[in-house]
Participant: 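Shown below is the structure under consideration.
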There are 2 protein chains.
Amino acid sequence: MGKTGKAFDMERLFKALADRTRLRLLNLIGGDEVCVCFFVEVLGESQPKISRHLAYLRRAGVVAARREGKWMHYRISVPADAHAARLFAEVRAWLAEDGEMRRDRERLVKVCCAVSPPVQLQGAPRPASIATARG
Amino acid sequence: MGKTGKAFDMERLFKALADRTRLRLLNLIGGDEVCVCFFVEVLGESQPKISRHLAYLRRAGVVAARREGKWMHYRISVPADAHAARLFAEVRAWLAEDGEMRRDRERLVKVCCAVSPPVQLQGAPRPASIATARG
DNA sequence: CGCTCATATTCGCCAAGGCGAATATAACAC
DNA sequence: GTGTTATATTCGCCTTGGCGAATATGAGCG
């Protein structure tokens with residue numbers, strides 16, 4: 001593999017990672033599949049801003065989206081290229097230790113498990129792993 | 001370490017990596033210390049362009065410079081942060097397999113070992129590891 | 001001092017991309 | 001069809017940063 005040209009465009013990947021909002025999004029997605037409305041709620045950013053950055057990540061090939069009725073779920077799209085994949089894993093391990101990123105994840109869990117979630121999230125499909133962990 | 005704030009600015013690092021010329025520079029430096037004139041010769045880009053990108057890398061903290069008379073030598077500045085360092089290693093391993101990067105390194109070796117190098121490089125200090133390997 | 005060489009910086013110009021505000025689309029309910 | 005909800009896109013505006021061209025700095029030589 002990868003003899004014909006770029007297995008994965010390095011420059012494009014790094015451009016995708018070169019923005020704090022996008023890093024926060026990748027961090028929130030984690031190994032799961034997360035609905036857009038949670039990003040908006042947890043990051044406290046405007047919905048168009050979130051959508052724009054998700055579109056950028058999608059164009060860069062690092063996330064994939066799945067529609068479920070009105071909701072869009074985003075998940076990490078692990079690069080096929082082995083080096084890209086390992087690098088990506090390093091990035092996520094790094095994110096896991098950053099202070100703000102940690103707080104973001106905590107807020108996501110809190111919002112998902114809330115007995116009475118914010119109005120905007122009533123009926124929103126929760127990330128699988130968190131919903132499960134709720135018990 | 002790293003409890004007070006950012007151990008190493010991730011965003012800044014990725015911005016530094018998000019340019020092909022800068023990736024080519026990092027690749028050429030490798031584990032060595034390389035004089036600016038070689039970058040200009042090997043990459044075939046203008047000297048101001050090379051200098052500007054080196055300055056960018058320096059500001060991002062990923063390379064360091066040392067003056068030796070008229071010449072400036074650049075080397076990789078491995079980040080103190082463990083995650084950043086491992087990520088950096090991944091990047092360099094990835095670079096090592098890219099086609100253009102490989103050709104760049106071959107050109108560097110060729111230029112360094114040439115019996116009669118280009119006029120601009122007469123007397124230029126060669127990268128240590130290559131000069132040594134020349135035998 | 002002036003001259004030359006190696007490198008760095010500045011100056012316009014232009015494209016990429018970040019932002020908020022507004023608008024468009026897509027799916028569902030009625 | 002209308003209306004509502006979730007998400008996406010477009011539109012100006014502004015900043016970042018890439019480029020070539022020109023200029024500045026810094027070190028050595030005579």
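Here is the naming used below: chain letters follow the sequence lines, and residue numbers restart at 1 for every chain. No hydrogens, no waters, no symmetry mates; every other heavy atom, side chains included, goes into these values.
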Participant: Between protein and nucleic acid, restricted to nucleotides 20-22 of chain D and to nitrogen or oxygen atoms under 3.5 Å apart, what atom pairs and distances do you find?
Facilitator:
from: D:dG20; atom 1: N7; to: B:Arg52; atom 2: NH2; distance (Å): 2.8

Participant: Counting side-chain heavy atoms from C-beta on, which of C:dT9, D:dT7, D:dG26 comes nearest to B:Ser51?
Facilitator: C:dT9
Participant: For A:Arg66 and C:dA26, what is the distance between atoms CZ and P respectively, to the nearest whole Å?
Facilitator: 19 Å
Participant: With B:Arg52, which residues qualify under salt bridge (Lys or Arg N to Asp or Glu O under 4.0 Å), at least two apart?
Facilitator: none
Participant: If the cut-off is 4.0 Å, is B:Tyr74 near the phosphate of C:dA6, judged by side-chain N/O to OP1 or OP2?
Facilitator: no
Participant: Is it the case that A:Arg105 and A:Asn27 place a side-chain donor and acceptor less than 3.5 Å from each other?
Facilitator: yes
Participant: Using side chain to side chain contact (heavy atoms under 4.5 Å, CB included) as the criterion, list what pairs up with A:Ala84, not counting sequence neighbours.
Facilitator: A:Phe8, A:Pro79, A:Asp81, B:Trp94
Participant: Which residues pass the salt bridge (Lys or Arg N to Asp or Glu O under 4.0 Å) test with A:Asp104, not counting sequence neighbours?
Facilitator: A:Arg24, A:Arg107
Participant: Give the rounded distance in Å between these two atoms: CH2 of B:Trp71 and P of D:dT25.
Facilitator: 22 Å
Participant: Could you tell me the separation between the CG atom of A:Leu43 and the P atom of C:dC19, rounded to a whole number of Å?
Facilitator: 12 Å
Participant: Take the protein atom CE of A:Met72 and the nucleotide atom P of C:dT25, then report the distance between them rounded to whole Å.
Facilitator: 16 Å
Participant: Could you write out each protein N or O paired with an N or O of nucleotides 28-30 of chain D at a distance under 3.5 Å?
Facilitator:
none

Participant: According to side-chain hydrogen bond (donor to acceptor under 3.5 Å, both in side chains), who are the partners of B:Arg67, at least two apart in sequence or on a separate chain?
Facilitator: none
Participant: Can you name the residues that form a salt bridge (Lys or Arg N to Asp or Glu O under 4.0 Å) with B:Lys70, not counting sequence neighbours?
Facilitator: none
Participant: Rounded to the nearest angstrom, tell me the gap between atom CZ in A:Phe38 and atom C1' in D:dT7.
Facilitator: 15 Å
Participant: Do we see a donor-acceptor contact under 3.5 Å between the side chains of B:Tyr74 and B:Arg66?
Facilitator: no
Participant: Got a sec, which residues hit salt bridge (Lys or Arg N to Asp or Glu O under 4.0 Å) with B:Arg86, two or more places apart in sequence or on another chain?
Facilitator: A:Glu90
Participant: With a non-hydrogen cut-off below 4.0 angstrom, is A:Phe39 in contact with a base, only sugar-phosphate, or nothing?
Facilitator: nothing
Participant: Listed by chain and number, what are the side chain to side chain contact (heavy atoms under 4.5 Å, CB included) partners of A:Gln47, not counting sequence neighbours?
Facilitator: A:Val40, A:Ser51
Participant: Looking across every strand, which nucleic acid part, if any, lies under 4.0 Å from B:Arg22 by heavy atom: base, sugar-phosphate, or nothing?
Facilitator: sugar-phosphate
Participant: Rounding to an integer number of Å, can you tell me how far A:Tyr56 OH sits from D:dT7 P?
Facilitator: 23 Å
Participant: Taking only N and O in the side chain of B:His53, is any of them less than 4.0 Å away from OP1 or OP2 of D:dG17?
Facilitator: no
